[in-house]
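Below is one structure, written out as structure tokens, with a few remarks after it.
Protein chains get the first letters and strands the later ones, always in sequence-line order, with residue 1 at the start of each. What you see is a predicted model; the values in this text were computed from it and never measured. As a basis for the values below, the full set of heavy atoms in this structure was taken, side chains included, without hydrogen atoms, waters or symmetry mates.
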Amino acid sequence: MKMSQLFTRTSKTAPADEQAKNAQLLIKAGFIHKEMAGVYDYLPLGSIVLNKIIQVIREEMNAIGGQEIFLSALQPKDNWEKSGRWHDDAVDVWFKTRMHAGEGYHLGPELGLGNTHEEALTALMRNFIKSYKDLPSYPYQFQTKFRNELRSKSGIMRCREFIMKDLYSFSRDQAQHDKFYEKTKQAYLKIFERLGLGDITYLTFASGGSFSKFSHEFQTITDIGEDTIYVHEGKRLAINKEVYTDEVLADLGVAKEELVEKRAVEVGNIFTLGTRFSEPLELTFTDENGDVKPVIMGSYGIGPGRIMGTIVEHFADDKGIVWPKEIAPARVYLASVGVSDQVVKVADELYKILSEANIEVLYDDRDARPGEKFADADLMGIPYRVVISEKTVAHNRCEIKTRTAQEAQLADASDVIKMVAA
RNA sequence: CGGGGUGUGGCGCAGUUGGCUAGCGCGCCUGGUUUGGGACCAGGAGGUCGAAGGUUCGAGUCCUUUCACCCCGACCA
């Protein structure tokens with residue numbers, strides 16, 4: 001991609017109405033735009049990053065048998081009444097609206113904008129799950145969730161509209177459920193590893209429900225987090241403050257002295273639902289003996305947008321964003337310095353060579369001064385910066401440096417390909 | 001929803017106790033000079049001061065109402 005064609009621009013000043021580092025940097029760099037409190041637009045570069053995060057999650061969900069679907073955001077109220085979650089006393093984050101009823105402004109049936117999809121999917125699966133042979137099944141989606149938070153905050157970390165990956169497991173019995181539950185745990189850990197958050201993300205024990213003692217959260221250590229957790233570094237686990245009791249400590253075989261209190265953000269969670277939804281929504285199957293039984297369910301969420309914000313918070317330095325390679329909007333920031341025909345020609349050529357080697361390049365071909373280009377390269381957090389200037393052209397080389405390195409080094413185009421591909 | 005704070009060109013800000021054609025920096029447009037860490041000169045466009053109402057000869061400055069945004073708390077992926 002060429003900077004001269006990118007419609008967004010960077011800003012020297014952070015917006016006054018954002019306090020959170022993630023929002024300040026993402027807006028300065030032109031990755032996102034704020035529509036209103038807790039509602040953000042993703043611009044070209046932000047969209048690329050978000051989709052890369054989504055792709056990592058997608059690959060890992062597919063690897064454990066997930067089948068991608070895409071459910072509607074508009075929800076009829078029937079299913080929610082069956083589960084008892086339509087009433088505002090039960091769920092206080094509803095955005096509700098109504099259909100039209102004929103001409104004019106007559107109000108028709110009530111609708112809700114989905115804040116989660118247990119009800120919708122459970123009802124849907126009644127059409128397909130009839131027999132034990134239909135189980136297990138693992139549909140998942142990346143969907144916009146709407147939650148009318150009392151207070152959105154922390155930039156893109158707590159939004160009223162946000163993308164969530166939600167997978168739901170449908171199993172015939174507890175054993176089958178437990179097996180998959182363990183698999184998702186590992187898949188989740190792998191996801192955070194791939195996204196560069198492995199070291200600071202902990203499997204965290206949190207409150208369960210009627211069907212399990214615990215649910216499991218994936219908590220990433222960050223100051224901007226809203227949760228307090230107690231980390232056991234040796235065992236790579238943590239305990240959410242909400243279940244931090246002597247009994248739980250004994251259960252998990254950890255001593256108080258081994259735990260360290262930290263602030264963290266919940267980037268994912270997995271939850272055993274049991275028959276919480278299959279019973280009221282009558283999702284049942286017939287087993288080998290002809291017995292009709294309710295399906296055992298689980299739900300597994302991850303917030304790609306929240307992960308994006310967390311990554312910005314964690315890796316950013318005083319110059320701007322620092323993206324991990326796997327999700328950076330481009331691998332290389334190619335900057336031409338100077339406007340001589342030679343420089344432009346060599347930079348254009350290198351852009352072509354890198355592109356043909358399938359290396360994603362953000363090519364700063366603008367007629368701008370070097371300082372501005374370097375500052376933007378840093379702000380946007382591209383992993384490698386490659387510079388073509390009179391000096392480098394004279395040596396028939398180019399200059400390369402990583403985002404966080406102090407010094408650059410000279411290299412051939414072939415070296416560059418090798419270095420950035422690693 | 002309780003407490004605190006803020007709304008002035010696209011962005012960041014200034015604007016004394018009400019006073020004259022509402023300023024500054026960045027960005028933008030035109031021309032020129034520049035090109036290794038956000039250049040410089042000259043010229044130019046763009047705002048009725050969140051909105052509504054009121055007080056006054058006169059309101060960005062005062063009053064009322066209202067909307068929006070940020071932070072803390074409570075609540076929540």
Side-chain angles (χ1 to χ4, degrees), chain A residues 7-20 23-24 27-28 30 33-39 88-94 114-118 143-166 204 206-207 215-220 224-227 240 242 264-271 299-307 309-310 318-320 335-340 342-344 364 366-380 385-394 398-399 401 406-408:
Chain A
F7 73 75
T8 57
R9 64 172 70 250
T10 58
S11 167
K12 283 188 199 175
T13 50
D17 69 347
E18 293 284 5
Q19 168 91 3
Q24 289 197 343
I27 291 172
K28 273 179 75 174
H33 175 258
K34 184 184 207 167
E35 198 62 47
M36 58 183 125
V39 180
D88 292 324
D89 290 344
V91 172
D92 64 356
V93 294
W94 271 118
N115 50 73
T116 180
H117 281 78
E118 281 88 359
Q143 234 284 351
T144 302
K145 307 296 187 195
F146 297 90
R147 296 188 184 177
N148 199 353
E149 299 284 350
L150 238 44
R151 179 185 164 208
S152 64
K153 57 183 283 198
S154 309
I156 62 172
M157 306 292 276
R158 170 168 297 287
C159 291
R160 297 199 164 94
E161 175 182 335
F162 60 98
I163 296 266
M164 182 159 116
K165 185 284 297 179
D166 43 333
T204 303
S207 56
S215 68
H216 293 89
E217 297 172 341
F218 294 81
Q219 294 273 4
T220 303
I224 203 174
E226 301 176 341
D227 293 331
N240 194 307
E242 66 189 18
V265 60
E266 184 183 346
V267 287
N269 78 329
I270 59 178
F271 207 95
S299 70
Y300 312 80
I302 283 189
R306 179 174 279 188
I307 287 174
T310 303
D318 57 344
K319 290 179 178 148
S336 57
V337 164
V339 292
S340 75
Q342 261 306 303
V343 166
V344 171
D364 194 343
R366 299 172 299 177
D367 178 10
R369 296 176 64 88
E372 189 175 350
K373 294 190 177 188
F374 297 157
D376 280 346
D378 289 340
L379 175 61
M380 291 181 179
R385 190 189 76 192
V386 173
V387 174
I388 300 296
S389 69
E390 300 286 359
K391 273 193 290 187
T392 66
V393 167
C398 56
E399 181 191 289
K401 107 173 191 32
Q406 294 300 314
E407 300 295 329

Quick test: give all pairs of protein nitrogen or oxygen and nucleotides 72-75 of chain B nitrogen or oxygen below 3.5 Å, distance rounded to 0.1 Å.
residue: B/C72; atom: OP2; partner: A/Arg151; partner atom: NH2; Å: 2.5
residue: B/G73; atom: N7; partner: A/Arg151; partner atom: NH1; Å: 3.3

Would you tabulate the nitrogen or oxygen pairs shorter than 3.5 Å linking the protein to nucleotides 39-41 of chain B?
residue: B/A39; atom: OP2; partner: A/Arg369; partner atom: NE; Å: 3.0
residue: B/A39; atom: O4'; partner: A/Arg369; partner atom: NE; Å: 3.4

What pairs of nitrogen or oxygen atoms, one from the protein and one from nucleotides 30-32 of chain B, lie under 3.5 Å apart?
none

What's touching nucleotides 8-15 of chain B from the protein side, N or O pairs under 3.5 Å?
residue: B/C11; atom: O2'; partner: A/Thr13; partner atom: OG1; Å: 2.7
residue: B/G12; atom: OP1; partner: A/Ala16; partner atom: N; Å: 2.7
residue: B/G12; atom: O4'; partner: A/Thr13; partner atom: OG1; Å: 3.4

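With a cut-off of 3.5 Å on both pairing distances, the Watson-Crick or G-U wobble partner of B/C57 is B/G19. In a base pair of the Watson-Crick type (N1 to N3 plus N6-O4 or O6-N4) or a G-U wobble (N1-O2 and O6-N3), with each distance short of 3.5 Å, B/G73 is matched with B/C1. Across all strands shown, B/G7 forms a Watson-Crick or G-U wobble pair with B/C67, both key distances being under 3.5 Å.
When rounded to the nearest whole Å, the span between CZ of A/Phe162 and P of B/C76 equals 15 Å. Remark: P of B/A77 and CG of A/Asn240 are 11 Å apart, rounded to the nearest angstrom. Atom CZ in A/Arg366 sits roughly 18 Å away from atom P in B/U35 (whole-Å rounding). Remark: P of B/G38 and CE of A/Met380 are 18 Å apart, rounded to the nearest angstrom. Distance, A/Asn148 CG to B/C1 C1': 13 Å, rounded to whole Å. Distance A/Ile156 CD1 to B/A77 C1': 14 Å, rounded to the nearest Å. Atom-to-atom, CG of A/Asp89 to P of B/C76 comes out at 14 Å; the value is rounded to the nearest Å. Between the CD atom of A/Glu266 and the C1' atom of B/C76 there is a distance of 9 Å, given to the nearest Å.
Nucleic acid contact class of A/Ala375 (heavy atoms, under 4.0 Å, all strands): base. Across all strands, A/Asp378 comes closer than 4.0 Å to base atoms (heavy-atom distances). Residue A/Glu399 is classed as a base contact, given a heavy-atom separation below 4.0 Å to a base. If you check every strand for non-hydrogen atoms under 4.0 Å, A/Lys34 touches sugar and phosphate atoms only. If you check every strand for non-hydrogen atoms under 4.0 Å, A/Thr392 touches a base. A/Gly303 comes within 4.0 angstrom of no nucleic acid atom, judged by non-hydrogen atoms across all strands. Nucleic acid contact class of A/Val339 (heavy atoms, under 4.0 Å, all strands): base. At a threshold of 4.0 angstrom between heavy atoms, the contacts of A/Arg160 with the nucleic acid are absent.
The same atom, C1', is picked in B/A51 and in B/A68; the two are 10 Å apart, to the nearest Å. Here the separation of B/G60 from B/G19, taken at their C1' atoms, is 13 Å to the nearest Å. Between B/U56 and B/U61, the two C1' atoms lie 13 Å apart (nearest whole Å). The P atoms of B/A14 and B/U6 are separated by 11 Å, rounded to the nearest whole Å. B/A77 and B/U65 are spaced 37 Å apart, taking the P atom of each and rounding to whole Å. Here the separation of B/G12 from B/C69, taken at their C1' atoms, is 16 Å to the nearest Å. Taking atom C1' in both B/C40 and B/U34, the straight-line distance is 8 Å, to the nearest Å. Taking atom C1' in both B/A59 and B/G73, the straight-line distance is 37 Å, to the nearest Å.
Counting only residues at least two apart or in different chains, salt bridge (charged side-chain N to carboxylate O under 4.0 Å, His left out) contacts with residues 385-394 of chain A comprise A/Arg385-A/Glu399.
When the nucleotides B/A77, B/G36, B/G27 are ranked by their closest atom to the side chain of A/Arg9, B/G27 comes out on top.
Take the nearest nucleotide of RNA chain B for A/Met36 and for A/Met157: the residue whose nucleotide is more 5' is A/Met36. Mapping A/Asp367 and A/Gln19 onto RNA chain B via the closest heavy atom, the residue that lands nearer the 5' end is A/Asp367.
Here A/Asn269 pairs with nothing under the side chain to side chain donor-acceptor pair (under 3.5 Å) rule; sequence neighbours left out.
One side chain, A/Glu118 or A/Thr116, offers a donor N or O that lies under 3.5 Å from an acceptor on the other.
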